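Note that this is a predicted model, so its numbers are computed, not measured. Count residues from 1 along the sequence.
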Amino acid sequence: MSRLWDISQPLHPDLPVWPGEPPFAITRHAVIGEGCPVNVGAISTPLHAGTHGDAPFHYANDGASSAECDLEPYIGPCVLLDVRHAQGRVEVGDVDWDALHGATRVLLRTYEHFPHEAWDSDFTAVASEVITRLGALGVRLIGTDAASLDPEQSKTLDAHRAVKAADMRILEGLVLDDVPPGRYELIALPLRIVGADASPVRAVLKDAA
Ligand SMILES: Nc1ccccc1C(=O)C[C@H](N)C(=O)O
Ligand SMILES: [Zn+2]
Ligand SMILES: [Zn+2]
């Protein structure tokens, strides 16, 4: 049986979130006890907290929301590339283009160890030239273990704009520490949240058949 790799961050109140964002929160408004047979809770979360998929609406007012996104990019064969050697930003020269083998979904591992305990403002971004070249090769989805494709302080969002121009989709905040580079089956479907600019996803990889 092929192995299943959970590449999702655990969601909890201490989850590091983008500076200025409210924390992830879970509340319980029903508790099993006298006259109550169930525990029932609710969550409040920034849409870009944890492992998530950006919707085009995040970077374009005319972009699709998470509820409107075609699901095909988020499920299917992918290739995981180790780009831990990249310094500050994944550049064209950091990518092993021969390892793509026509992949339509590409995941980039930039961390030695994913920063579960504290926000990392110096995450490794992705150069827009890399996105443009991936799009030209037919890539439909780019994923990263970083919190964003663009630097935290970016106001131009060059990588996101290149994603928009190529009509690609994005996964951010993946946890790739334990997964060897190679080819996998990706499943990471956004929730059908009407009007949302992003959605939490439970991202998993299955060994390619
Ligand atoms: N919460 C934010 C507030 C302001 C600016 C960006 C964010 C982000 O979360 C970035 C997002 N993850 C992104 O890159 O798509
Ligand atoms: Zn995001
Ligand atoms: Zn993003």
Side-chain angles (χ1 to χ4, degrees), residues 2-12 15-18 21 24 45-56 58-59 66 69 71-86 88-90 94-96 99-100 103-127 130-131 134 139-152 159-160 162-163 168-191 196-208:
S2 62
R3 176 168 174 176
L4 205 54
W5 308 81
D6 190 346
I7 56 172
S8 312
Q9 296 178 53
L11 301 178
H12 55 83
L15 175 73
V17 296
W18 195 274
E21 292 281 79
F24 177 91
T45 180
L47 291 172
H48 294 262
T51 305
H52 68 280
D54 289 358
H58 176 52
Y59 39 83
S66 296
C69 276
L71 297 179
E72 193 270 341
Y74 301 97
I75 183 167
C78 74
V79 64
L80 169 56
L81 301 180
D82 183 347
V83 291
R84 284 178 284 176
H85 49 275
R89 193 171 74 161
V90 180
D94 294 318
V95 176
D96 178 3
L100 295 189
T104 52
R105 300 169 189 81
V106 176
L107 308 183
L108 302 177
R109 177 187 178 185
T110 69
Y111 281 117
E112 185 65 32
H113 301 294
F114 185 87
H116 289 286
E117 307 305 325
W119 179 258
D120 173 21
S121 287
D122 299 320
F123 55 80
T124 301
V126 181
V130 170
I131 304 294
L134 289 171
V139 174
R140 293 284 291 120
L141 177 138
I142 177 73
T144 177
D145 52 5
S148 179
L149 294 179
D150 286 296
E152 183 183 298
H160 284 79
V163 161
M168 291 164 67
R169 297 294 177 262
I170 300 171
L171 293 175
E172 294 165 336
L174 298 168
V175 181
L176 300 171
D177 295 14
D178 300 333
V179 191
R183 304 178 68 79
Y184 298 90
E185 187 78 8
L186 169 71
I187 302 110
L189 297 168
L191 302 178
D197 58 282
S199 168
V201 298
R202 185 68 180 263
V204 297
L205 294 175
K206 286 180 71 172
D207 286 332

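- Just one of Ile75, Leu80, Leu171 meets the side chain to side chain contact (heavy atoms under 4.5 Å, CB included) condition when paired with Leu186; it is Leu171.
- No donor-acceptor pair closer than 3.5 Å links the side chain of Thr51 to the backbone N or O of Ser8.
- With contacts defined as side-chain heavy-atom distances shorter than 4.5 Å, the pair Leu47/His52 does not qualify.
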- Message: What verdict does the salt bridge (charged side-chain N to carboxylate O under 4.0 Å, His left out) test give for Glu72 and Arg105, after you've listed the backbone C-alpha separation in whole Å, the side-chain angles of each residue and the deciding distance to 0.1 Å?
- Response: CA-CA 10 Å; Glu72 193 270 341; Arg105 300 169 189 81; 3.0 Å; yes
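- With rounding to the nearest 0.5 Å, the separation of CD1 in Ile170 from CG in Leu149 is 4.5 Å.
- Here the straight-line distance linking atom CG of Asp94 with atom NE2 of His85 works out to 4.5 Å at 0.5 Å rounding.
- The shortest distance between side-chain heavy atoms of Val126 and Ser148 does not fall below 4.5 Å.
- Closest heavy-atom contact between Ala49 and Thr45: CB-OG1, 3.5 Å.
- A side chain to side chain contact (heavy atoms under 4.5 Å, CB included) with Leu205 is found for exactly one of Leu107, Leu4, Asp6, namely Leu107.
- When all heavy atoms of Cys69 and Pro56 are compared, the pair lying nearest together is SG-CD, 3.5 Å.
- Asp207 places no side-chain N or O within 3.5 Å of a backbone atom of Ser2 that could act as its donor or acceptor partner.
- Using a distance-only test at 3.5 Å, with no hydrogens or angles considered, no donor-acceptor pair links the side chain of Thr144 to the main chain of Glu172.
- Taking Tyr59 as the reference, His160 meet the ring-ring contact (aromatic ring centres under 6.0 Å, His included) condition, with sequence neighbours excluded.
- Of the inter-residue distances, the one linking Leu134 atom CG with Leu141 atom CG reads 10.5 Å to the nearest 0.5 angstrom.
- In this structure a side-chain-to-backbone donor-acceptor pair under 3.5 Å is missing from His116 to Gln9.
- Between atom CZ of residue Arg140 and atom OH of residue Tyr74 there is a gap of 9.0 Å, rounded to the nearest 0.5 Å.
- In this structure, Glu117 places its CD atom where only 12 or fewer heavy-atom neighbours from other residues, nucleotides or ligands lie under 6.0 Å away.
- Contact of the Arg183 side chain with the Cys78 side chain is not registered, since no non-hydrogen atoms from C-beta on lie closer than 4.5 Å.
- The environment of His113 atom NE2 is sparse: at most 12 non-hydrogen atoms of other residues, nucleotides or ligands sit within 6.0 angstrom.
- Across all non-hydrogen atoms, the minimal contact from Thr124 to Ala86 is CG2-CB, 4.2 Å.
- Nearest heavy atom pair, residue Ala203 against residue Leu174, reads CB-CD2, 3.8 Å.
- Heavy-atom neighbours of Arg84 CZ from other residues, nucleotides or ligands within 6.0 Å: above the threshold of 12.
- Of all heavy-atom pairs spanning Ala196 and Ala55, the tightest one is O-CB, 3.6 Å.
- The side-chain heavy atoms of Leu100 and Leu81, taken from C-beta on, include a pair separated by under 4.5 Å.
- The aromatic rings of Trp119 and Trp18 sit perpendicular to each other, their planes meeting at more than 60°, with 30° as the lower class boundary.
- For the atom pair His58 NE2 and Ser66 OG, the distance stands at 10.5 Å (nearest 0.5 Å).
- Listed for the Asp177 side chain is a donor-acceptor partner under 3.5 Å among the backbone atoms of Phe114.
- Proximity of a side-chain donor or acceptor of Asp145 to a complementary backbone N or O of Tyr111 within less than 3.5 Å is detected.
- Of all heavy-atom pairs spanning Pro181 and Asp82, the tightest one is CG-CB, 3.8 Å.
- You'll find the side chain of Val139 reaches within 4.5 Å of the side chain of Met168, heavy atoms only.
- Phe24 is not listed as a side-chain neighbour of Pro10, based on a closest heavy-atom distance of 4.5 Å or more.
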